[in-house]
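First up is the structure itself, then whatever we jot down about it.
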Amino acid sequence: MQVSPIKFEKFQAADDADCQRRIIAARAKLGKRLVILGHHYQNESVYRHADYTGDSLKLSRYCEGLDAEFIVFLGVHFMAEVADILSRPEQVVVLPDLAAGCSMADMANLAKVERSYRELNKVLNFDETITPVTYINSAADLKAFCGEHGGIVCTSTNAPKILEWSFKQREKVLFFPDQNLGRWSGYKMGIPLEQMPVWDPDQPMGGLTEEQIKNAKILLWKGHCAVHQMFRLQNIEHFRKLHPDGLVISHPEAPFEVCLNSDYVGSTEFILKTVSEAPTGTKWLVGTELNLVNRLAEQMKPQGKLVQFMSHVVCECSTMARIDPQHLAWCLENLAEGNIVNQIKVPAHEAKLAKLTLDRMLQAS
Ligand code: 13P
Ligand code: SF4
């Protein structure tokens, strides 16, 4: 007999220690029926429960080969959508708090992308000249749009490779929603900045002239990550003055001048690997989300490595932080009782097209 789900209100006031006990108990009850995936930006209080951790690409690859009946995603909405698209139809993906979105992903939506498509079609034949490339930080319907128009998905790890693939198909790229990742990846390929104008979806014709559109190699959607946008060149200059032998490593969502003045630029997984494998005693300034940097700093202390966060301002991803022990305990207890709460299910027609682009990406990278 189906029992009604336990209400979240019962967990709202529960303290963290109580939730930790309840998470462990529910996990024990679910056994191999459950697998928990965790993105590196998750707070330690939930991250410690992840069976597998990774950046977006690594987590996508895990989703293809899991056997568990339930996949609980400690991350944000688009990641759980990818998990649903890449897992088997009978597997259930759960996001402990449905309000855990990504503000950058929200900077592009289907209505705006379709309007841009129509406008660009006035200047050139979109489907013959432009490959649409969406960063994995985007809703499933945008991935489906790319599937329908010969496009592809990229992550922070494989963006340059995916751009190479895209230029083999057509002469130009419309890259959304993160202009910083698009600009950095294009720059690494040798594309001049003037051939990567910003396409502002809220302006007629993206705010560009016909000539600018025709000369462009990459049209960069006017979107960014509010967390990475906080990092400044001055932060790097200050660190280098204090530690002339120090090294700077940033995520490609950071502003262009920050990437340009970093010693290394790469995904969250790349950042963790590079700093972890660096020699004892090295000093690092890290330009990515605070939870990752704090965890890394603690882990590196015994090796005498200094790991410093790039900003004086607290740059925590507030939507990632919505996944807390209370929400995790709530959804796991429900699963253990036979109730599915907060399931992420992408509509079948969208999932099919979105899977096409994700498969293209996984093959191309
Ligand atoms: P990664 O794929 O590098 O983990 O990045 C995801 C993200 O949202 C960064 O802000
Ligand atoms: Fe989105 Fe930025 Fe948070 Fe990453 S850090 S999930 S891009 S809002």
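Atoms within each ligand, like the ligands themselves, are counted from 1 in listed order. These numbers come from the heavy atoms of this one structure, side chains and all, not from hydrogens, waters or symmetry mates. FYI, the numbering just counts along the sequence from 1.
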Quick one: nearest non-hydrogen protein atom to [atom], plus distance?
{"atom": "atom 3 (Fe) of ligand 2", "result": "Cys317 SG, 2.4 Å"}
{"atom": "atom 9 (C) of ligand 1", "result": "Glu253 OE2, 3.0 Å"}
{"atom": "atom 2 (O) of ligand 1", "result": "Ser56 OG, 2.8 Å"}
{"atom": "atom 8 (S) of ligand 2", "result": "Ser103 OG, 3.6 Å"}
{"atom": "atom 8 (O) of ligand 1", "result": "Asn137 ND2, 3.1 Å"}

Hey, is [X] close enough to [Y] for a salt bridge, meaning N to O under 4.0 Å?
{"X": "Arg22", "Y": "Glu333", "value": "yes"}
{"X": "Glu277", "Y": "Lys273", "value": "yes"}
{"X": "Glu164", "Y": "Lys168", "value": "no"}
{"X": "Arg88", "Y": "Glu90", "value": "yes"}

Is there any N or O on Asp55 that sits under 3.5 Å from an N or O of ligand 1?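 It does not: no N or O of Asp55 is found under 3.5 Å from an N or O of ligand 1.
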Ligand 1 versus [X], non-hydrogen atoms closer than 4.0 Å: side chain, backbone, both, neither?
{"X": "Ser156", "answer": "side chain"}
{"X": "His251", "answer": "side chain"}
{"X": "His39", "answer": "side chain"}
{"X": "Thr155", "answer": "neither"}
{"X": "Glu289", "answer": "neither"}

Measure centre to centre between the rings of Tyr135 and Phe78, then say whether the value is under 6.0 Å.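 Distance test on ring centres: not under 6.0 Å, no.
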If you take the centroid of each ring, where Trp contributes its six-membered ring, are His327 and Phe8 closer together than 6.0 Å?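 Yes; His327 has its ring centre under 6.0 Å from that of Phe8.
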State, yes or no, whether a side-chain contact exists between Leu332 and Arg27 at a heavy-atom distance under 4.5 Å.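 Counting from C-beta outward, Leu332 and Arg27 do come under 4.5 Å.
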Is it the side chain (CB and beyond), the backbone, both or neither of Asp178 that lies under 4.0 Å from ligand 2, heavy atoms counted?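 Asp178 to ligand 2: no contact under 4.0 Å from either part.
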So is Phe270 close enough to ligand 1, meaning a heavy atom under 4.0 angstrom away?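 Outside the 4.0 Å threshold, so no.
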Atom CG in Leu353, atom NZ in Lys355: separation rounded to 0.5 Å?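 These two atoms lie 12.0 Å from each other.
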Between atom CD of Gln42 and atom SG of Cys317, what is the distance when rounded to the nearest 0.5 Å?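 Going from the CD atom of Gln42 to the SG atom of Cys317 covers 8.5 Å.
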Just which atoms of ligand 1 are under 4.0 Å from any heavy atom in Tyr41?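 Answer, ordered by atom number: 7 (C), 9 (C), 10 (O).
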Treating Asn334 as the side-chain partner and Ile6 as the backbone partner, does any N or O pair qualify as donor plus acceptor under 3.5 Å?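 Here the side-chain-to-backbone pair exists.
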Check whether any N, O or S atom of Cys225, backbone or side chain, sits closer than 2.8 Å to atom 3 (Fe) of ligand 2.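 Checking atom 3 (Fe) of ligand 2 against Cys225, no N, O or S atom falls under 2.8 Å.
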Within-shell test, Glu289 vs ligand 2, heavy atom, strictly < 4.0 Å: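 Checking ligand 2 against Glu289, which is what was asked, there is no heavy-atom contact under 4.0 Å.
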Any N/O/S atom of Cys102 sitting less than 2.8 Å from atom 2 (Fe) of ligand 2, backbone or side chain?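 It does not; every qualifying atom lies at 2.8 Å or beyond.
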